[in-house]
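The next block holds one structure in the form of structure tokens; read it before the comments.
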There are 2 protein chains.
Amino acid sequence: MLTRRDRKKQQTKAALMSAALRLADERGLDHVTVEEISEAADVSPRTFFNYFATKDDAIIGEQIADGPSVCDRLLAVPAEVPLIPAMLEALAPEIQQFQADREIWLLRMRVIKNNPSLLPLLVARGGIAERESAGAIATRLGLPADDYFALLAATLTGTAVRAAMMRWADSEGHDDLPQLVREAFGVLAEGLNTQRKKGD
Amino acid sequence: MLTRRDRKKQQTKAALMSAALRLADERGLDHVTVEEISEAADVSPRTFFNYFATKDDAIIGEQIADGPSVCDRLLAVPAEVPLIPAMLEALAPEIQQFQADREIWLLRMRVIKNNPSLLPLLVARGGIAERESAGAIATRLGLPADDYFALLAATLTGTAVRAAMMRWADSEGHDDLPQLVREAFGVLAEGLNTQRKKGD
DNA sequence: CTAAAAGTTTGCAGTGACTGCAACTTAGTG
DNA sequence: CACTAAGTTGCAGTCACTGCAAACTTTTAG
């Protein structure tokens, strides 16, 4: 059940995130202090740290999916489906989420682009999800859980999604995100094919 | 010319790095202060920051190659050579360097493993090199400089190398590093091939 | 309705990373 | 031996972040 308390917490968290994004966008991340962010969200600085471990976290947010994770969804797709289509299907809800939170994500990507020190964190966050997915991919392919290829495939999908997001943000959201992701995977498959031909 | 001054600088830098690694290995990164590291290297804390922008930098080091970069070497390999062998060749000197600095790298990887907060930085550092390589790969394949596939391929090689390094470190240096890297690339090519068959 | 329990916010005091500046010391140069 | 350029250091200051305990608010139970 969602009590009033919980609702208020969500509100506060959203306020902090959005204040952090807005201010960082206006002035650049290192010209914004936690104090100012808290001020803008109308809570004490100490409270800020009850919600986020670091200032950067307030910008990046936490990729928490309420429902089943990419990982779960990937395992749910029938095993006959080839990896790339399966991955696309498992990713679909996430992508919809990005579009639903369109404003925030466009802003977030812009801030990250203008403050490259944030990129490591973004990549690292993706990396966690990727490592989980790697296990699921391995299962699908009947490989041991810590298989090289599974890890590489997972990394690749993460990179593809990130590249698509960047491109989407660069177009200021004019491009169609699902289309861009499909394109990234398509280019990938095609490129790998080309590579195989040249390599053989 | 390499004056005494320069030699001293190198010494100091090495001393700081090695002190940072040793202490972080013994006590864990956040139980070591910059003051203690400087103390151990026998310089003032202020001097530490003349050498490294952040504490973490002293652990990760800066992947500075004196000679030509991976990027340059990749372009030097004849265009007929397929991408993966070309990449292996371009990477060879780096790998030798890792082996030459064997002790430091094994220690470094152990510290990173035990202090995951460092991972983002390591990945980010790799990411810079990858983005450069992406350009070179694109050139080799006759693609535009910001091509999707080139970026994905570059990311993949970075991940392969990193995975090989991790495995090498896990074996405490008993495994043969060049062998592990070749294996990573091999598994990769093979896996992609399998995937193509399933996917068509 | 009320009092205790449980959860949340806040202030305070402290640690430690990191920076700019100016004084000081030392190595290279003519 | 100056003279200069480069490197080192101390100092004062800002800001991220933490633990603790007090104050406050919501929920729960009697």
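First the proteins, then the strands, lettered A, B, ... as listed; each starts at 1. Computed from a predicted model, the values in this text were never measured in an experiment. FYI, side chains are in, hydrogens and waters are out, and symmetry mates aren't considered; it's all heavy atoms of this structure.
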*In whole angstrom, give the distance that lies between atom NZ of Lys9(A) and atom P of dT26(D).*
14 Å
*Return the value, rounded to whole Å, for the distance between atom CG of Asp57(B) and atom P of dA17(C).*
14 Å
*asked:* Rounded to whole Å, please give me the gap between CD in Glu35(A) and P in dA16(D).
replied: 9 Å
*Verify the contact: side-chain N or O of Tyr51(A) to OP1 or OP2 of dT9(C), cut-off strictly under 4.0 Å; return yes or no.*
yes
*asked:* Between Asp175(B) and Arg167(B), does any NZ, NE, NH1 or NH2 come within less than 4.0 Å of an OD or OE carboxylate oxygen?
replied: no
*Interatomic distance, Phe48(A) CZ vs dT8(C) P [rounded to whole Å]*: 18 Å
*Answer yes when Glu103(B) and Arg108(B) have at least one side-chain N-carboxylate O distance shorter than 4.0 Å, and no when they do not.*
no
_Distance check needed: dT19(C) C1' versus His31(A) NE2, whole Å only._
12 Å
*According to a strict under-4.0 Å criterion, is Lys55(A) in side-chain N/O contact with OP1 or OP2 of dC17(D)?*
no
_Is Ser44(A) close enough to dT10(C) that one of its side-chain N or O atoms is under 4.0 Å from OP1 or OP2 there?_
yes
*Any donor-acceptor pair under 3.5 Å between the side chain of Arg46(B) and the base of dT8(D)?*
no
*Return the value, rounded to whole Å, for the distance between atom CZ of Arg7(B) and atom P of dT26(C).*
18 Å
*Salt-bridge criterion met for Glu36(B) and Arg27(B) (N-O under 4.0 Å)*: yes
*Please figure out whether Arg5(B) or Asn50(A) has its closest DNA chain C nucleotide nearer the 5' end.*
Asn50(A)
_Salt-bridge present (Arg125(B), Glu130(B); N to O < 4.0 Å)_ = no
*asked:* Can you measure Leu16(A) atom CG to dT8(C) atom C1' for me and round it to whole angstrom units?
replied: 14 Å
*Starting at atom CZ of Phe49(A), determine the distance to atom C1' of dG14(C), rounded to an integer number of angstrom.*
14 Å
